[in-house]
Participant: 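Let me begin by handing over the structure; questions about it come next.
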Amino acid sequence: MAESAIGSVLGNVSTLAVQETTFLCVVNLEVGFLKDELRRLKSYLKSADAKRRSGDELVATWVSQIRDAAYEAENAIEAADYMEKRNWLKKGFMGAISRYARLPSDLIALHTIGAEIQRVKRKITEIFDSANRLKINLDTSDVEKVLIGDEYPQDYGTMHQNFEDIDLVGFGDEYKEIVGKLVDKENITLSVVSIVAMGGAGKTTLARKVYTSSSVKQHFEAASWVTISQKFKGIDLLKDIMKQIMGGRDESVAKMNEYEVGKKIHDFLLQKRYLVVLDDVWETDTWDQINKRVKAFPDATNGSRVLLTTRKEDVANHVQMPTYVHHLNKLDEEKSWELFSCKALPSYKRSVIRDVDEFEKLGRKLAKKCDGLPLALAVLGGYLSKNKNVQTWSNILYDWPSTKNGQMMRDILFRCYKDLPNHHLKACLIYLAAFPEDYVIYVPHLIQLWIAESFIPHTPKHILEETAHNYVSELAQRSLVQVVGRSRAHGWIERIRIHDILHDWCIEEARQDGFFNAIDKTAGQAGASSSSDNLISYRFSFQTLSDRILPAVPNVRSLLGFELESVSLPKLRFLRVLCIEDSTLKDFSSVIGGCIHLRLLRLTDCDSVTLPSSIGKLLYLQTIDLRGTILMSVVPNSLWEIPTLRHIYLLSWNNFSPTLQSCEKMSKLPVGLLHLMTQISEDDITLNELRRKGCEVKK
């Protein structure tokens with residue numbers, strides 16, 4: 001994991017440091033030194049990571065020091081680069097006057113940057129001395145690969161393979177039985193169908209296939225799917241259900257109390273045959289809590305249903321209405337092999353596999369070892385599909401852990417993670433820990449986050465977005481993410497989710513290296529304790545916090561927030577990603593102008609946000625997404641001064657009043673990557689002006 005962090009930083013530092021300019025000539029030699037030293041440090045990390053995992057506390061601290069030094073080096077180099085960008089932003093005579101006026105303060109700042117680089121150099125020297133004392137050997141086999149760039153995954157010929165259908169392998173009979181119970185026309189009373197099984201047994205996969213089946217869609221007039229996390233709020237679930245069954249986004253919903261939402265759902269469903277799916281229910285009183293204020297789900301004796309998935313049989317039987325409980329058993333030996341072979345030996349690869357009989361012989365033994373758990377079968381099969389080597393399959397079989405279930409799954413996940421082709425893809429996977437449990441991730445948004453974090457490398461034949469889409473496909477092929485939906489236009493994977501077992505593993509893995517830390521109000525700091533008391537996280541995900549300043553270290557690089565109530569942002573000088581959803585922020589306008597390193601600003605469904613004119617200082621900003629957010633002012637024209645803007649999402653034209661000068665600046669942004677989400681008419685003069693100048697404006 002540490003290698004992933006250093007690799008992305010090294011790539012970004014290389015990009016920043018390639019320009020030889022008069023203004024930066026004082027620090028360019030120092031920048032070159034830092035680049036070389038970071039490369040050399042990275043080559044130590046493979047052997048160091050193995051020692052860290054064995055429980056060596058000293059090595060764990062040493063690895064975290066490498067990460068700290070890399071981030072500090074990037075901050076110092078980018079501070080100098082920012083000065084250069086800012087000074088040359090204004091052209092002509094006025095620009096020259098501005099640069100001359102700044103010269104005294106810039107010289108002081110440059111001296112400070114030089115001193116910071118010297119401090120980082122000393123820190124790196126101490127790190128090398130520590131490596132010698134800890135007997136951490138340089139892994140010279142990787143030095144050349146570090147210098148020329150990592151290998152990228154190449155198996156994209158099956159990018160549009162329908163992984164979703166494969167996941168139903170082994171559940172054909174159960175699928176038919178549950179669909180039959182839901183659409184049974186003879187049973188007209190409101191009733192529950194419950195699927196009960198242990199984690200990783202395929203409950204959610206089966207329920208989702210049932211939910212999306214054509215016969216279920218045709219039978220029910222209204223349907224909704226909600227996932228019940230261990231920390232759910234009844235009113236939030238009801239609001240989610242209301243949005244799904246009634247369509248659209250009603251701004252008044254946010255102001256409604258639990259009784260009002262429940263009553264509106266009740267009145268609407270009273271005239272409908274409906275299906276409500278409650279996925280992953282943990283507690284027996286969940287149904288009671290949802291219906292606490294008002295009976296939201298009426299029995300109109302028209303055959304409406306509730307489909308419930310849970311790990312506990314007492315939860316399945318608790319709902320006070322007719323209930324059919326389906327125990328989802330582990331897959332038998334033949335079905336296990338069927339699912340495993342679909343993943344590990346897919347039909348499109350069999351024709352080119354030599355000794356396929358030998359692979360089948362080993363594969364059947366490995367499938368049996370997975371103890372009938374679909375998640376283990378799918379993930380291990382996805383891993384082995386990338387490793388067509390008989391010796392590799394044999395080694396896994398004979399090194400199989402003696403423990404079952406939880407520990408077995410952890411061993412499989414770590415093996416699959418370790419096998420990912422490069423540190424970029426490893427970082428992309430672990431980054432999924434930032435999202436709440438069972439969260440459906442919109443892939444275009446995820447890709448913009450990955451790019452802002454510098455996880456996506458520049459490749460000769462692909463733009464960044466294409467490479468990132470390939471990464472999503474790679475993770476899907478390996479069954480490390482679950483495909484929820486695809487784009488109708490081009491077949492790209494558009495929505496994904498991550499299994500809760502894998503999500504927990506990613507959180508723990510991310511925290512062990514200070515890569516990411518997830519915090520919520522009820523559970524506190526998620527995941528296992530840090531391997532070192534001095535370990536600092538540079539990325540944070542906050543969920544359901546309220547009335548407080550978000551806690552974060554001064555050098556934090558990323559903040560993601562979900563359902564935050566009345567929270568204030570601290571002053572974060574080195575922030576690169578700010579992604580807040582369904583929240584209320586205080587003091588945003590006074591803080592954001594100082595986040596000069598910011599790459600991505602996403603505030604969706606937030607209240608009362610003002611964009612200050614200082615937004616124009618964010619010279620690295622790539623994406624600004626304000627969809628669904630209530631803006632208290634127009635978008636300042638200084639936004640269009642930012643040279644790196646790639647994606648702009650504005651929901652309401654009322655907050656956008658561009659001048660012809662700003663239109664001219666907008667037209668110079670990357671054509672085809674500017675997305676202006678508007679609610680204006682086709683004959684609007686400004687809209688036509690933007691299109692004439694080459695901007696893409698989406699209605």
Side-chain angles (χ1 to χ4, degrees), residues 5 8-9 11-12 15-16 71 74-75 78 82 85 424 427-428 430-435 439 441-458 463-465 467-469 471-472 515-516 538-542 550 552 555-562 564 569 572-583 585 588-589 591-606 609 611-612 614-629 631 635 639-651 669-670 673-677:
S8 60
V9 172
N12 202 32
T15 303
L16 288 172
Y71 287 157
E74 183 184 22
N75 290 339
E78 194 165 279
Y82 178 83
K85 288 180 182 295
H424 302 286
C428 288
I430 296 298
Y431 196 80
L432 300 180
F435 297 94
Y439 188 90
I441 303 168
Y442 185 53
V443 169
H445 288 180
L446 176 64
I447 285 174
Q448 290 165 5
L449 284 167
W450 283 349
I451 292 174
E453 295 278 7
S454 300
F455 295 158
I456 306 301
H458 292 269
I463 64 173
L464 295 175
E465 285 79 7
T467 301
H469 273 295
Y471 278 16
V472 174
F515 180 77
F516 220 117
Y538 284 78
R539 298 177 178 88
F540 287 85
S541 174
F542 298 101
L550 295 181
N555 293 335
V556 68
R557 300 168 67 87
S558 305
L559 278 181
L560 286 82
F562 304 88
L564 309 178
L569 292 175
L572 299 169
R573 180 182 172 192
F574 300 111
L575 192 67
R576 282 159 168 76
V577 167
L578 179 62
C579 181
I580 307 293
E581 177 181 304
D582 194 16
S583 305
L585 300 178
F588 169 79
S589 60
V591 173
I592 195 64
C595 302
I596 62 171
H597 300 273
L598 199 67
R599 267 77 169 161
L600 182 144
L601 173 61
R602 175 173 293 133
L603 306 176
T604 56
D605 299 326
C606 294
V609 171
L611 283 184
S614 60
I615 196 80
K617 295 180 180 180
L618 311 184
L619 302 185
Y620 297 105
L621 190 64
Q622 302 165 0
T623 298
I624 179 168
D625 186 349
L626 303 174
R627 282 175 290 189
T629 288
L631 287 180
V635 176
L639 178 70
W640 314 115
E641 300 279 358
I642 301 174
T644 52
L645 272 177
R646 295 167 61 84
H647 304 276
I648 304 169
Y649 300 90
L650 301 174
L651 183 60
L669 297 174
L673 292 177
L674 172 63
H675 311 284
L676 190 61
M677 312 299 293

Participant: Check whether any side-chain N or O of Thr644 sits under 3.5 Å from a backbone N or O of Leu619 as a donor-acceptor pair, and report yes or no.
Facilitator: yes
Participant: Output all residues satisfying side-chain hydrogen bond (donor to acceptor under 3.5 Å, both in side chains) with Asp625, sequence neighbours left out; order by chain, then residue number.
Facilitator: Arg602, Arg627
Participant: Please determine if Arg557 forms a cation-pi arrangement with Phe574, meaning its NZ or CZ atom is less than 6.0 Å from the six-membered ring centre and no more than 45° off the ring axis.
Facilitator: no
Participant: I need the minimum non-hydrogen distance between Ser541 and Ala434, along with the two atoms involved.
Facilitator: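 So the two residues come closest at OG-O, 2.5 Å.
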Participant: If you compare all heavy atoms of Ile592 against all heavy atoms of Ile615, which two are closest, and at what distance to 0.1 Å?
Facilitator: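 Minimum heavy-atom contact is CG1-CD1, 4.3 Å.
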Participant: Quick check for you: to the nearest 0.5 Å, what is the distance between Cys606 atom SG and Asp582 atom CG?
Facilitator: 7.5 Å
Participant: If every non-hydrogen atom of Leu626 is compared with every non-hydrogen atom of Leu611, which pair is closest and at what distance?
Facilitator: CD1-CD1, 3.5 Å
Participant: Can you find a heavy atom in the side chain of Leu618 that is under 4.5 Å from one in the side chain of Ile624?
Facilitator: no
Participant: With a 4.5 Å cut-off on side-chain heavy atoms, are Phe435 and Leu446 touching?
Facilitator: yes
Participant: Ignoring hydrogens, what is the shortest heavy-atom contact between Ala468 and Trp450? Give both atom names and the distance.
Facilitator: O-CZ3, 3.8 Å
Participant: Considering only heavy atoms from C-beta outward, does the side chain of Tyr431 approach that of Arg539 to under 4.5 Å?
Facilitator: yes
Participant: Heavy-atom distance under 4.5 Å between the side chains of Leu569 and Leu578, does that happen here?
Facilitator: yes
Participant: What is the distance from atom SG of Cys595 to atom CG of Leu572, rounded to the nearest 0.5 Å?
Facilitator: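 One gets 6.0 Å once the value is rounded to the nearest 0.5 Å.
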Participant: How far apart are the closest heavy atoms of Ser589 and Pro612, and which atoms are they?
Facilitator: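 Heavy atoms only, the tightest pair is O-CG, 3.5 Å.
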Participant: Please confirm whether the backbone N or O of Leu603 pairs with a side-chain atom of Thr629, one donor and one acceptor, at under 3.5 Å?
Facilitator: yes
Participant: Of all residues at least two apart in sequence or in a different chain, which pass the side-chain hydrogen bond (donor to acceptor under 3.5 Å, both in side chains) check with Glu581?
Facilitator: Tyr439
Participant: Could you check whether the rings of Phe542 and Phe540 sit parallel, tilted or perpendicular, using 30° and 60° as the cut-offs?
Facilitator: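 Correct class here is parallel.
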Participant: By side-chain hydrogen bond (donor to acceptor under 3.5 Å, both in side chains), which residues pair with Ser558, not counting sequence neighbours?
Facilitator: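 With sequence neighbours excluded, Ser558 shows a side-chain hydrogen bond (donor to acceptor under 3.5 Å, both in side chains) to Glu453, given in chain and number order.
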Participant: By side chain to side chain contact (heavy atoms under 4.5 Å, CB included), which residues pair with Leu464, not counting sequence neighbours?
Facilitator: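 Leu464 satisfies side chain to side chain contact (heavy atoms under 4.5 Å, CB included) with Ile451, Ile456, His458 once adjacent residues are dropped.
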Participant: Which value, rounded to the nearest 0.5 Å, describes the distance between Ile642 atom CD1 and Tyr620 atom OH?
Facilitator: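 Interatomic distance, Ile642 CD1 to Tyr620 OH, rounded to 0.5 Å: 12.5 Å.
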Participant: Relative to the ring of Tyr649, is the ring of His445 parallel (under 30°), tilted (30 to 60°) or perpendicular (over 60°)?
Facilitator: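 If you compare the ring of His445 with that of Tyr649, the planes turn out perpendicular.
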Participant: Which residues pass the side chain to side chain contact (heavy atoms under 4.5 Å, CB included) test with Ala452, not counting sequence neighbours?
Facilitator: Val577, Arg599, Leu600, Gln622
Participant: Nearest 0.5 Å, please: how far is OG1 in Thr623 from CG in Leu598?
Facilitator: 10.0 Å
Participant: For the residue pair Arg576 and His597, what are the closest heavy atoms and their distance?
Facilitator: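 Heavy atoms only, the tightest pair is CG-O, 3.5 Å.
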